[in-house]
Amino acid sequence: RPCITLCVPQDGWAHFEAIFWEQDGYYLPPLVTTSVDPDVDRDDAGVLTDPSTRILLGGGRVLQDNIDGGRLSIGVWLDRCHTWGLGGEFIGASSLTRSFSATSEGQPVLARPFFNTELGVQDSELVAYPDVISGTVSVSARSEFTGASFHVHRLRRTEEGCKKWLFCGCPEHFCTRTEMLFGYRYLQLDEGVIIGEDLTSLDTSRPGSFQIADGFRTINKFNGIDIGLKYRCTRGYWTFDGSVKLALGNTNQKVNINGATRINDPSSNPQVQTYPGGLLTQTSNIGQYSQNQFAVVPEIRMNWGYQLTERLRLTCGYTWIYWSNVVRPGDHISLDVNENLIPPPEEPFSGALRPA
């Protein structure tokens, strides 16, 4: 043989899993309220401190449902004895969504609560109130998770023999192998909250309509070094696979905040005017923000399997992944609002720059 030999890999592996995961949802502040008292005063309608106010959306965690998707693992062994190998993995999960919509011609009352920084009290923006305004308010929240990794596999230990097992009095053949993993891991978490309003004035002396939109989006991208150990035990047709991994790296965090208000006022010229900012998004916080944070991503995986044929194995297992440092949309929705910023803004402007 020559001193340097290039060979096509002899064999490898392909493993597909359907995943049914549950993720830790994110908190949303109270975004939509109503008043159970039909005679509630206009200034108290939907205000969080009023006894008749009920929260229709927010004030808790959302998107804690199961994630459906798949994980594909493929790889090749670089030698006949399976001591060195190269493998890759891709995780694709379905997008989680939560939608809410409410419409009223004035009764029941609909409102969006906020804290009025100028008055120092809880306040609300009316979506529907008798003889004042009618409209629709909608909220959409979503979350999408993907990931990929690449590893070098190095065999560290093998063992083979025959012994008795728990609940089995007869000696049975077994073999084990332990591998060390070293490689790269990428994760991405893309989430967002969109709040929209379509309002029509019921006051005949002040006709007009409004379209209001608030948008919050967060993107987390992790890139890091991944190390770990993988263990497999085979007993007859049964197998157990377990792995422990730890990724260390950087999370690039981005927050995008945007909003707009479109006012159709028949008494003004021009009749239709568009302003930056909605209710919780104003010129004080609209923009794109980015930072880098150190993060750790541990993963524990356990799979139990049964060998159906020589090359086909059915498995069932559990995986736990923790991402130490991410931004979520709810963390950047502030209910502190300076009413002088609400479109059309007061000129000259005065007061605190809120929301921040």
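Given the structure is predicted, the values throughout are model-derived calculations rather than measurements. Numbering of residues begins at 1 and proceeds along the displayed sequence.
- By the side chain to side chain donor-acceptor pair (under 3.5 Å) test, Arg61 pairs with Asp24, sequence neighbours left out.
- Residue pairs meeting the ring pair (Phe, Tyr, Trp, His ring centres under 6.0 Å) criterion with at least one partner in residues 94-122, sequence neighbours excluded, are absent.
- Within the 3.5 Å criterion, the main-chain N or O of Val47 finds a donor-acceptor partner in the side chain of Thr53.
- Considering only heavy atoms from C-beta on, Phe174 stays 4.5 Å or farther from Thr234 through its side chain.
- Residues Leu31 and Leu280 are in side-chain contact: their nearest non-hydrogen atoms beyond the backbone lie under 4.5 Å apart.
- With hydrogens and angles disregarded, no donor-acceptor distance shorter than 3.5 Å links the side chain of Ser134 to the backbone of Ser104.
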**OP:** Would you sort out whether Asp190 and Lys221 count as a salt bridge (Lys or Arg N to Asp or Glu O under 4.0 Å), showing the intermediate values?
**Re:** CA-CA 9 Å; Asp190 188 345; Lys221 295 182 179 180; over 6 Å; no

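- For the atom pair Glu347 CD and Asn340 CG, the distance stands at 11.5 Å (nearest 0.5 Å).
- The 12-atom threshold is not exceeded at CZ of Arg262, counting heavy atoms of other residues, nucleotides or ligands nearer than 6.0 Å.
- Glu197 is listed as a side-chain neighbour of Val127, based on a closest heavy-atom distance under 4.5 Å.
- Within the 3.5 Å criterion, the main-chain N or O of Val296 finds a donor-acceptor partner in the side chain of Ser324.
- The environment of Asn292 atom CG is dense: over 12 non-hydrogen atoms of other residues, nucleotides or ligands sit within 6.0 angstrom.
- For the atom pair OG of Ser201 and CG of Asn264, the computed distance is 11.0 Å after rounding to the nearest 0.5 Å.
- Residues Thr261 and Gln211 have side chains not in contact (no heavy-atom distance under 4.5 Å, counting atoms from C-beta outward).
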Subject >> Verdict with reasoning, Leu199 to Glu125, per side-chain contact (heavy atoms from CB on, under 4.5 Å) >> reply: CA-CA 11 Å; Leu199 314 177; Glu125 180 237 322; 3.5 Å; yes

**OP:** Evaluate side chain to side chain donor-acceptor pair (under 3.5 Å) for Tyr289 paired with Asn256, printing each intermediate quantity in order.
**Re:** CA-CA 6 Å; Tyr289 309 91; Asn256 296 327; over 6 Å; no

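- Considering CD1 of Ile91 and CG of Leu187, their distance stands at 7.0 Å, rounded to 0.5 Å.
- Residues forming a ring pair (Phe, Tyr, Trp, His ring centres under 6.0 Å) with Phe240 (at least two apart in sequence, or on another chain): Trp304.
- Across all their heavy atoms, Glu191 and Ser143 have their closest contact at OE2-OG, 2.8 Å.
- Taking both residues in full, the closest heavy atoms of Asp50 and Val40 are given as OD2-CG2, 4.2 Å, listed atom of the first, atom of the second, then distance.
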Subject >> side chain to side chain donor-acceptor pair (under 3.5 Å) assessment of Gln253 paired with Asn325 >> reply: CA-CA 9 Å; Gln253 304 172 344; Asn325 204 329; 2.9 Å; yes

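- Remark: the backbone N or O of Arg42 is paired with a side-chain donor or acceptor of Tyr129 at under 3.5 angstrom.
- Separation of atoms SG (Cys233) and CZ (Arg177) is listed at 13.0 Å; rounding is to 0.5 Å.
- Within 6.0 Å of CG in Leu72 there are more than 12 heavy atoms belonging to other residues, nucleotides or ligands.
- Considering only residues two or more places apart in sequence or on other chains, Gln188 meets the side chain to side chain donor-acceptor pair (under 3.5 Å) condition with Tyr186.
- The main-chain N or O of Pro113 is never found under 3.5 Å from a side-chain atom of Asp123 such that the two would form a donor-acceptor pair.
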Subject >> Pair His82-Asp11, side chain to side chain donor-acceptor pair (under 3.5 Å): steps then yes or no >> reply: CA-CA 9 Å; His82 294 185; Asp11 55 357; 2.8 Å; yes

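- Within the model, atoms CD of Glu144 and CG of Leu189 stand 9.5 Å from one another, a figure rounded to the nearest 0.5 Å.
- What you find for Pro355 and Gln282 is that their closest heavy atoms are CD-CG, 3.7 Å.
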Subject >> Stepwise side chain to side chain donor-acceptor pair (under 3.5 Å) check, Thr117 with Asn338 >> reply: CA-CA 5 Å; Thr117 60; Asn338 185 338; 4.5 Å; no

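- More than 12 non-hydrogen atoms from other residues, nucleotides or ligands lie less than 6.0 angstrom from CZ of Phe16.
- By the criterion of side-chain heavy atoms lying less than 4.5 angstrom apart, applied directly or through intervening Ile, Leu, Val, Met, Phe, Trp or Tyr residues, Ile227 is not grouped with Phe150; the two fall into different hydrophobic clusters.
- Applying the 6.0 Å contact sphere to CZ of Arg206 captures no more than 12 heavy atoms from other residues, nucleotides or ligands.
- The closest donor-acceptor contact from the side chain of Ser99 to the backbone of Ser140 lies at 3.5 Å or more, if one exists at all.
- Using the six-membered ring where Trp is involved, His153 and His151 have ring planes that are perpendicular, over 60° apart on the 30 and 60° scheme.
- Listed for the Gln307 side chain is a donor-acceptor partner under 3.5 Å among the backbone atoms of Thr309.
- Closest approach of Ser290 to Asn252, counting heavy atoms only: OG-ND2, 3.5 Å.
- Between Val297 and Leu246, the closest side-chain pair of non-hydrogen atoms is not below 4.5 Å.
- Val152 is listed as a side-chain neighbour of Leu86, based on a closest heavy-atom distance under 4.5 Å.
- Ring orientation note: the planes of Trp77 and Trp13 are tilted relative to one another, at an angle of 30° to 60°.
- By the criterion of side-chain heavy atoms lying less than 4.5 angstrom apart, applied directly or through intervening Ile, Leu, Val, Met, Phe, Trp or Tyr residues, Ile263 is not grouped with Leu202; the two fall into different hydrophobic clusters.
- A search for side chain to side chain donor-acceptor pair (under 3.5 Å) contacts involving Asp203 returns Ser205, not counting sequence neighbours.
- Side-chain atoms of Ser268 come within 3.5 Å of backbone atoms of Pro270 as a donor-acceptor pair (strictly under, hydrogens ignored).
- In this structure, Thr33 and Leu48 approach most closely via the heavy-atom pair CG2-CD2, 3.9 Å.
- Checking side-chain atoms of Asp79 against main-chain N and O of Thr83 turns up a donor-acceptor pair under 3.5 Å.
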**OP:** For Arg112 and Ile195, run side-chain contact (heavy atoms from CB on, under 4.5 Å): C-alpha distance rounded to whole Å, both residues' side-chain angles, the deciding distance at 0.1 Å, then the answer.
**Re:** CA-CA 10 Å; Arg112 293 181 59 188; Ile195 310 167; 3.5 Å; yes

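- By the 4.0 Å N-to-carboxylate-O rule, Glu299 lies close enough to Arg185 to be salt-bridged with it.
- Looking only at side-chain heavy atoms (C-beta outward), Trp21 and Asp68 stay at 4.5 Å or farther from each other.
- Checked against side chain to side chain donor-acceptor pair (under 3.5 Å), Ser73 has the following partners two or more places apart in sequence or in another chain: Glu89.
- What you find for Arg157 and Glu159 is that their closest heavy atoms are NH2-OE1, 3.9 Å.
- Judged by distance alone, the side chain of Asn303 and the main-chain N or O of Thr315 form no donor-acceptor pair under 3.5 Å.
- Considering CD of Gln288 and CD1 of Ile219, their distance stands at 9.0 Å, rounded to 0.5 Å.
- Counting non-hydrogen atoms of other residues, nucleotides and ligands closer than 6.0 Å to CD of Gln291 gives a total above 12.
- Thr283 is listed as a side-chain neighbour of Leu341, based on a closest heavy-atom distance under 4.5 Å.
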